[in-house]
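Have a look at the structure below, then the notes.
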Amino acid sequence: MRLRCWLLFAVCVSGCLSVTAGIEPISTSIAVGMAAAITGFLASYQNAFYYFHECCRPEWISYNKTGLKHDLHTKLFGQHVATQVIIKAVTGFMSNENPKKPLVLSLHGWTGTGKNFVSQLIAENIYQKGMSSSFVHLFTATAHFPHEKHIETYKTQLQEWIRGNVSICARSMFVFDEMDKMHPGLIDGIKPYLDFYDNLNGVSYRQAIFIFLSNAGGENIVQVALNFWKDGRERYDIQLKDLETALSLSVFNNRNSGFWHTSLIDKNLVDFFVPFLPLEYRHIVQCGLAEMAAKGHVPDREVVEMMAQELNYFPKEERVFSMQGCKVISSRLDFYI
């Protein structure tokens with residue numbers, strides 16, 4: 001409101017210049033000086049406004065490639081494949097001033113393997129306010145779209161939300177959690193915004209980012225990891241090519257995947273299916289040490305290993321892979337600290 005008042009005042013002063021110009025040069029000089037002062041004040045006011053209030057500007061939205069790379073390598077444990085794909089996908093997209101379509105990533109794996117954490121890291125290295133940014137939107141299937149009978153209503157609301165927010169800021173990010181629990185009809189409802197269109201009804205979605213999180217396909221990923229382990233091959237030898245084709249097909253043909261026979265897959269609108277491997281004991285220990293530090297404690301390996309040893313692993317005898325991942329560590333550590 002104050003900014004609007006000053007703008008109106010500046011317009012009034014500018015209008016006065018044309019009236020006084022033919023009357024008195026001295027008065028005109030004074031008026032010009034006042035207008036310049038007001039313009040300078042408005043510029044300062046605007047800069048201060050942008051500094052304190054989140055806006056769709058570079059001050060608030062700026063990709064930090066080095067930061068994302070560092071975070072993925074130091075904070076995400078046991079996910080070398082996902083790390084490689086995410087860095088290349090996000091960096092390539094954010095470096096392209098005129099992308100042909102929005103970036104669409106589909107993150108798959110068992111719970112606790114880091115899918116939500118990765119979406120958080122991506123947000124933190126693009127938006128100054130991270131997941132708290134007004135330009136980052138998180139949807140959870142069971143919370144936001146719980147009733148199948150209301151699918152058409154949900155679809156309309158979701159479309160309006162996406163359209164409205166991208167109209168405000170082209171560089172918006174949308175995260176959909178529990179995609180395996182989302183109705184296929186609802187997923188197809190957002191298909192137009194992910195496609196190769198210049199714009200839809202005057203709105204371009206090409207700079208937006210869509211991230212889908214799902215447990216679907218997790219069994220296939222686990223099986224690949226198990227096969228590598230049984231064959232005596234190193235975990236780090238697993239590459240995207242070993243997982244991506246089987247993953248996309250299993251997700252597409254799985255009635256419980258959320259993607260089941262949706263047009264997102266057969267129209268190739270998902271840029272990358274990103275697999276998250278099951279975590280091993282050593283990764284659980286790494287998560288535990290990081291969590292202790294996050295809680296303000298000095299990391300104690302003995303305490304963390306005591307906690308890690310009491311979690312569930314498979315195969316049952318060898319206890320190689322964690323069944324719960326890092327998701328339960330925060331609450332479990334409280335019993336040991």
Side-chain angles (χ1 to χ4, degrees), residues 61-96 103-133 136 173 175 209 211-214 218 221-222 224-225 228-229 233-244 247 271-301 304-305 308 320-322 324-330 333:
I61 304 176
S62 181
Y63 176 51
N64 183 354
K65 175 185 175 181
T66 303
L68 179 61
K69 188 174 182 179
H70 176 269
D71 286 348
L72 289 173
H73 282 298
T74 61
K75 298 179 181 179
L76 181 68
F77 306 115
Q79 303 298 349
H80 67 283
V81 177
T83 294
Q84 294 169 2
V85 176
I86 293 296
I87 291 174
K88 291 181 179 180
V90 176
T91 300
F93 179 75
M94 295 298 293
S95 302
N96 188 348
L103 176 63
V104 183
L105 301 175
S106 190
L107 281 48
H108 296 264
W110 276 9
T111 184
T113 52
K115 302 185 299 297
N116 279 284
F117 186 50
V118 163
S119 63
Q120 175 186 324
L121 293 180
I122 293 174
E124 289 176 352
N125 285 284
I126 296 178
Y127 305 90
Q128 289 293 321
K129 299 182 71 173
M131 291 298 292
S132 298
S133 171
V136 177
M173 177 170 151
V175 181
I209 298 175
I211 300 179
F212 303 135
L213 313 179
S214 174
I221 297 171
V222 168
V224 170
F228 267 71
W229 172 73
R233 302 168 67 184
E234 291 293 328
R235 179 189 183 91
Y236 286 100
D237 290 336
I238 301 175
Q239 299 299 319
L240 180 62
K241 63 182 180 180
D242 300 314
L243 298 158
E244 192 173 37
L247 177 58
D271 297 299
F272 292 95
F273 289 93
V274 187
F276 282 69
L277 297 167
L279 299 182
E280 299 176 7
Y281 174 84
R282 53 180 168 148
H283 304 128
I284 299 303
V285 172
Q286 288 178 302
C287 287
L289 293 172
E291 186 62 30
M292 280 196 75
K295 288 177 176 289
H297 302 285
V298 176
D300 187 325
R301 191 176 189 87
V304 171
E305 288 188 343
V320 179
F321 299 111
S322 170
Q324 298 149 304
C326 291
K327 199 164 190 175
V328 300
I329 286 180
S330 180
L333 268 178

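Along the sequence shown, residues are numbered consecutively beginning with 1. Values in this document were obtained by computation on a predicted structure and should not be read as measured data.
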Any side-chain heavy-atom pair of M94 and K65 under 4.5 Å | no
Rounded distance (nearest 0.5 Å) linking atom NZ of K75 with atom NE2 of H70 | 7.5 Å
For side-chain contact (heavy atoms from CB on, under 4.5 Å), just list the numbers for I126 and I209, CA-CA rounded to whole Å, side-chain angles, deciding distance to a tenth of an Å, and then say yes or no.
-> CA-CA 11 Å; I126 296 178; I209 298 175; 3.7 Å; yes
Nearest 0.5 Å please: distance from the CG atom of L107 over to the CG atom of N116.
-> 9.0 Å
Give the minimum heavy-atom separation between S322 and G325, together with the two atoms involved.
-> OG-N, 2.9 Å
Shortest non-hydrogen contact from V136 to G130?
-> CG2-O, 3.6 Å
In Å and rounded to the nearest 0.5 Å, what is the CG to CG distance from N64 to D71?
-> 8.0 Å
Once you round to the nearest 0.5 Å, how far does CG of L72 lie from CG of L121?
-> 5.5 Å
Interatomic distance, N125 atom CG to Q120 atom CD [nearest 0.5 angstrom] = 10.5 Å
Short side-chain donor-acceptor distance under 3.5 Å, S132 and Y127 = no
Can you tell if the side chain of L277 reaches within under 4.5 Å of the side chain of L243, non-hydrogen atoms only?
-> yes
Shortest non-hydrogen contact between A82 and P275, atoms and distance | CB-O, 3.7 Å
Over all atoms of both residues, closest heavy-atom pair of L279 and C326 = CD1-SG, 3.5 Å
Does S133 reach the main-chain N or O of K129 with its side chain, forming a donor-acceptor pair under 3.5 Å?
-> no
What closest approach, in Å, do M292 and V298 show between heavy atoms, and which atom pair accounts for it?
-> CE-O, 3.4 Å
Nearest 0.5 Å please: distance from the CE atom of M131 over to the OG atom of S119.
-> 5.0 Å
State, with a plain yes or no, whether a side-chain heavy atom of D242 is found less than 4.5 Å away from one of V81.
-> no
Derivation of the side-chain contact (heavy atoms from CB on, under 4.5 Å) call for I221 and W110 = CA-CA 9 Å; I221 297 171; W110 276 9; over 6 Å; no
Find out whether R282 and F77 are in side-chain contact, i.e. whether some heavy atom of one side chain is under 4.5 Å from a heavy atom of the other.
-> no
Any side-chain heavy atom of V104 sitting closer than 4.5 Å to one from F212?
-> yes
Is there a side-chain contact between F276 and V118, using heavy atoms and a 4.5 Å cut-off?
-> yes
What orientation do Y236 and H80 show, parallel under 30°, tilted 30 to 60°, or perpendicular over 60°?
-> tilted
Just wondering, do H73 and I87 contact through their side chains at under 4.5 Å, heavy atoms?
-> yes
Where is the tightest heavy-atom contact between K115 and S214, given as atom of each residue plus distance?
-> CE-O, 3.4 Å
Do the side chains of F321 and V222 get nearer than 4.5 Å, heavy atoms only?
-> no
Heavy-atom neighbours of K88 NZ exceed 12 at 6.0 Å = no
